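Below is one structure, written out as structure tokens, with a few remarks after it.
Computed from a predicted structure; not experimentally measured. By convention here, the first residue in the shown sequence is residue 1.
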Amino acid sequence: MTKVVKLKYGNTKCYIIQGIKKTILIDTDWAGTLPNFFRELGEPNLKIQDINYLFITHYHPDHMGIAQNLVDYGIKLVVLDSQLKFIHQSDYILERQKRKNFEPINDKQIILLPIAESRKFLKDCGINGEIISTPGHSDCSVSYIMDTGEAFVGDLYPIEQSLIR
């Protein structure tokens, strides 16, 4: 049985999915929010060592800002093949804003996962679901669809923007 824990330590909702065998984190927040991340982990009594993998719904600054910081703590960053060419698209924004403690993702430290193999990867973690490509908000957007019906999608357009007129 999987357990979902919502983390809200900044602007972005992040989720921890505790599978039977492994635990994944979906999304981070802006660069500079690492201390807040650690504080928020303490609420459900989790430790960074409890998290095995990090997945990002899309590579905008508010969803990937502390990704490399977390990799430096031992969490493995899994990048879907449909996202690979986008993982550095926000670097210039974070560098230009001089975000505290921003570290660009080290390409040599990622695990590249073909999206077609996502169900098997998650199953190996003890999580029943799959990851699908859902471009719209960004070209690199993916959604995590659990067999229980839960979905983790990152950002969506406001409904008034998506209505066909």
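Side-chain contact between Asn128 and Lys123: present, with at least one pair of heavy atoms (C-beta onward) separated by less than 4.5 Å. Contact of the Val4 side chain with the Phe152 side chain is registered, since non-hydrogen atoms from C-beta on lie closer than 4.5 Å. Tyr15 has its side chain out of reach of Leu7: every pair of non-hydrogen atoms, C-beta onward, lies at least 4.5 Å apart. The closest side-chain heavy-atom distance from Asp29 to Asn36 is not below 4.5 Å. Contact annotation: the side chain of Ile132 never approaches that of Val142 to less than 4.5 Å [non-hydrogen atoms, C-beta and beyond]. Phe37 places none of its side-chain heavy atoms less than 4.5 Å from the side chain of Asn69. Side-chain contact check for Ile48 versus Ile75: some heavy-atom pair is nearer than 4.5 Å. Within the 4.5 Å cutoff, the side chain of His137 has heavy atoms near those of the His60 side chain.
Tracing side-chain contacts under 4.5 Å through hydrophobic residues (I, L, V, M, F, W, Y), one never reaches Ile20 starting from Leu46; they form parts of separate clusters. Ile131 and Ile145 end up in different hydrophobic clusters when Ile, Leu, Val, Met, Phe, Trp and Tyr side chains are linked at under 4.5 Å. Val153 and Ile24 fall into different hydrophobic clusters, defined by Ile, Leu, Val, Met, Phe, Trp and Tyr side-chain heavy atoms under 4.5 Å apart, directly or through other members. Ile17 and Val79 are members of different hydrophobic clusters when ILVMFWY side chains are connected at heavy-atom separations under 4.5 Å. Leu113 and Leu77 fall into different hydrophobic clusters, where Ile, Leu, Val, Met, Phe, Trp and Tyr are joined by side-chain heavy atoms under 4.5 Å apart, directly or via other members.
Between the Asn52 side chain and the Lys22 main chain, no donor and acceptor come within less than 3.5 Å of each other. Listed for the Thr12 side chain is a donor-acceptor partner under 3.5 Å among the backbone atoms of Asp62. In this structure a side-chain-to-backbone donor-acceptor pair under 3.5 Å is missing from Gln18 to Val5.
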Side chain to side chain contact (heavy atoms under 4.5 Å, CB included) evaluation trace for Ile110 with Val78: CA-CA 6 Å; Ile110 67 169; Val78 180; over 6 Å; no

Side chain to side chain contact (heavy atoms under 4.5 Å, CB included) assessment of Cys14 paired with Lys6: CA-CA 6 Å; Cys14 307; Lys6 181 172 74 171; over 6 Å; no

Tyr9 and Arg39: CA distance, side-chain angles, deciding distance, side chain to side chain contact (heavy atoms under 4.5 Å, CB included) verdict: CA-CA 8 Å; Tyr9 57 93; Arg39 251 189 316 281; over 6 Å; no

Stepwise side chain to side chain contact (heavy atoms under 4.5 Å, CB included) test for Val71 and Lys76: CA-CA 6 Å; Val71 169; Lys76 295 173 180 76; over 6 Å; no

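The CG atom of Leu54 sits 9.5 Å away from atom CD1 of Ile26, with the distance rounded to the nearest 0.5 Å. For the atom pair Leu80 CG and Ile56 CD1, the distance stands at 10.5 Å (nearest 0.5 Å). Between Ile66 atom CD1 and Thr28 atom OG1 the span is 5.0 Å, to the nearest 0.5 Å. To the nearest 0.5 angstrom, Phe55 atom CZ is 10.5 Å from Leu25 atom CG. To the nearest 0.5 Å, atom CZ of residue Phe121 and atom CD of residue Glu130 are 15.0 Å apart. The NZ atom of Lys47 lies 12.0 Å from the CD1 atom of Ile51; values are rounded to the nearest 0.5 Å.
Taking 4.0 Å as the cut-off between side-chain N and carboxylate O, Arg119 and Asp124 do not count as a salt-bridged pair.
Aromatic rings from Tyr73 and Phe38 are positioned such that their centres are separated by under 6.0 Å. For an aromatic pair to be called close, the ring centres must be under 6.0 Å apart, and Phe86 with Tyr59 fails this.
The shortest heavy-atom contact between Thr2 and Gly19 is CG2-CA, 4.0 Å. Contact record, Leu94 with Gly65: CD1-CA, 4.4 Å, taken as the closest heavy-atom pair.
Other residues, nucleotides and ligands contribute more than 12 heavy atoms inside 6.0 Å of the NZ atom of Lys8.
The closest side-chain donor-acceptor pair between Asn106 and Gln68, if any, does not fall under 3.5 angstrom. Between the side chains of Asp27 and His58, no donor N or O sits under 3.5 Å from an acceptor N or O.
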